There are 2 protein chains.
Amino acid sequence: MSEISRTRARGIDRVVDVLEHLRAVRHPIGIGELARAIGAPRSSIYEIVERLTDSGLLEVDEQNQVYFGPSVYFYADAYLASHPLFRHGRDEAIRLSKVTGETTQICMLLGNKYTVAFMQPGSSLFRIISETGVLVPIPWTASGRLLLAGMSDDSIRALIPPEDYVLPDGRVIDIKDFLTDVAAARLTNRTMTLGLSDPYTACLAAAILDEKAHAVATICFMVPAATPLEKREELLDELVAAARNVSSRLIDKPWAAAPR
Amino acid sequence: MSEISRTRARGIDRVVDVLEHLRAVRHPIGIGELARAIGAPRSSIYEIVERLTDSGLLEVDEQNQVYFGPSVYFYADAYLASHPLFRHGRDEAIRLSKVTGETTQICMLLGNKYTVAFMQPGSSLFRIISETGVLVPIPWTASGRLLLAGMSDDSIRALIPPEDYVLPDGRVIDIKDFLTDVAAARLTNRTMTLGLSDPYTACLAAAILDEKAHAVATICFMVPAATPLEKREELLDELVAAARNVSSRLIDKPWAAAPR
DNA sequence: CGATACTGTCCTGTATAGCGGACAGTGTGT
DNA sequence: ACACACTGTCCGCTATACAGGACAGTATCG
């Protein structure tokens, strides 16, 4: 995750490493274990954890396990308030999930990975594929192809590390094929993949665009692969409509008339 | 906010100051302005902002205004998932707001301040008193009294800075009176204040308790001060029931059977 | 026009933050 | 009983992160 440098690391980098690690493990963790996991000296991490606990960014429970603290909640609240994308995207996802009964997600890129930003489970009993916030290689997903639509082939090659083209089952995606997929997604603004990251799941997605027509997120359904094609096309139409809906609401500047 | 020390500051402290300042202003802000606001050298802040932007903790828009980045959202998502308090508290607040038509809030302490963690506006047109995440002196609020119920008088004195006893209109709350209020709240687990932070608003609150019977949050209504006492008592009963409801669900360990 | 106030980048010296390691305490296995 | 693996605290050395300022560029003002 961090640089391989063997030299003394900065406090800031340690902080980032700590937070990223907690996100990755998604569990409270002992301070010593945390230090080991991110390859940092224990003394440094003890210090940092104390400082961040004081500020509420982290929290230490009665067994001295470290995890995120209340401050991140308030920071996120402010973040969400400034991003209509999330507010409206969530609303649409919840609505679609109710109307169609399918599991609906809002997805986005985070650095060079793909992640689920929000998920609303459907009414049918259907297992959850991936948790919110877990980072996944972009080529593993239908949405990932849509989210790259705004980029040139060269920058896509630069962005995605080679190992990300290897699927969980060992198959390797050809980069040329992938770029072709992206180009196709660019034109239609919709993708449908079958058994990509998971053999029994089809993923349907439509892109949410910002004012410059860049894909900033996708809204998608996770449906059983056995779902008839006609039904899937129908669902995809719903997604495209919903995405357009959200996109159109992003044009209003969020804090244009805000007080100083 | 930070120490008054004139010496060189740590990177970590700068990071915390930056995040806290963004929370306080609740707006994207220029880098130079940010540096000035927290009393830090510009060069340091440029550096830090760049680093934090890379990690997604901050975001810089096209006008080079800095604000929270997507990472905080995912950290908060993890935080919420590990805190049943928030999930259940939110649900209850939304339900109460629907049932009663009143503005409902979940409130908690953050360091030595009081803050609204979640707010669900009521059906009636009623102005919003305070935004989510804004820090308010504890003595200004009804909920604050409940939230201190687990502490001794001495630790309360140590916690709250003297200036926090001065109300916005200039009146000063006597510390003894305040401690008496807290003691009363401790017994009944409910508070009602009239025109404390605002002359036309009554605040009704009940405490949500953790497994050790410490108040970890409150659930409260903001109603017009003119609301008849009988009606207010009725609403308070609802709050107490809701709080008990949430409290009882906090006893289950959130990640007891979680996978490694 | 010059004056003032920004902004973003780059450089250099030194106060100090982070590292490594020692230490005592606790628990668990044999 | 000992060995081993922890944990949390403390301390001194030194590589370096931070502060401070210089710099060029841009914008607004009268």
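Computed from a predicted model, the values in this text were never measured in an experiment. A note on names: the letters A, B, ... follow the listed sequences, proteins ahead of strands, and every chain is numbered from 1. The figures here come from the full heavy-atom set of this structure, side chains too, leaving out hydrogens, waters and symmetry mates.
Taking 4.0 angstrom as the limit, B:Arg10 places a side-chain polar atom (N or O) nearer than this to OP1 or OP2 of C:dG18. Remark: A:Asn64 is in phosphate contact with D:dG8, judged by side-chain N or O atoms under 4.0 Å from OP1 or OP2.
Aromatic pair A:Phe118/A:Phe86: centroids not less than 6.0 angstrom apart.
Residue A:Ile29 contributes atom CD1, which lies 14 Å from atom C1' of D:dT7 at whole-angstrom precision. If you measure from atom CD1 of A:Ile45 to atom P of D:dG8, you get 13 Å, rounded to the nearest angstrom. Atom CD1 in A:Ile12 sits roughly 10 Å away from atom C1' in D:dC18 (whole-Å rounding). The distance between atom CD of A:Gln63 and atom P of D:dC6, rounded to the nearest whole Å, is 18 Å. Following rounding to the nearest Å, A:Ile48 (CD1) and D:dG8 (P) show an atom-to-atom distance of 16 Å. Distance B:Glu33 CD to C:dG8 P: 12 Å, rounded to the nearest Å. Going from atom CZ of B:Arg14 over to atom C1' of D:dC18 covers 9 Å, rounded to whole Å. When rounded to the nearest whole Å, the span between CD1 of A:Ile31 and P of D:dT9 equals 8 Å.
Among C:dG18, D:dG20, C:dT9, the nucleotide with an atom closest to any side-chain atom of B:Tyr46 is C:dT9. Comparing D:dG20, D:dC10, D:dT7 by their closest approach to the side chain of A:Arg36 singles out D:dT7.
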Working for salt bridge (charged side-chain N to carboxylate O under 4.0 Å, His left out), residues A:Asp164 and A:Lys113
CA-CA 9 Å; A:Asp164 281 9; A:Lys113 300 290 179 195; 2.9 Å; yes
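Within 6.0 Å of CZ in A:Arg244 there are 12 or fewer heavy atoms belonging to other residues, nucleotides or ligands.
Taking every heavy atom of both residues into account, B:Ile31 and B:Val49 meet most closely at CD1-CG1, 4.1 Å.
Counting non-hydrogen atoms under 4.0 angstrom, A:Ala40 reaches nothing in the nucleic acid.
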N/O donor-acceptor pairs under 3.5 Å from side chains in residues 142-154 of chain A, not counting sequence neighbours:
unit_1: A:Ser143; atom_1: OG; unit_2: A:Thr218; atom_2: OG1; d: 3.0
unit_1: A:Arg145; atom_1: NE; unit_2: A:Asp181; atom_2: OD2; d: 2.9
unit_1: A:Arg145; atom_1: NH1; unit_2: A:Pro139; atom_2: O; d: 3.0
unit_1: A:Arg145; atom_1: NH1; unit_2: A:Thr141; atom_2: O; d: 2.7
unit_1: A:Arg145; atom_1: NH2; unit_2: A:Pro139; atom_2: O; d: 3.3
unit_1: A:Ser152; atom_1: OG; unit_2: A:Ser155; atom_2: N; d: 3.2
unit_1: A:Ser152; atom_1: OG; unit_2: A:Ser155; atom_2: OG; d: 2.6

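If A:Gly11 and A:Arg42 are placed on DNA chain C by their nearest nucleotide, the residue sitting closer to the 5' end is A:Gly11.
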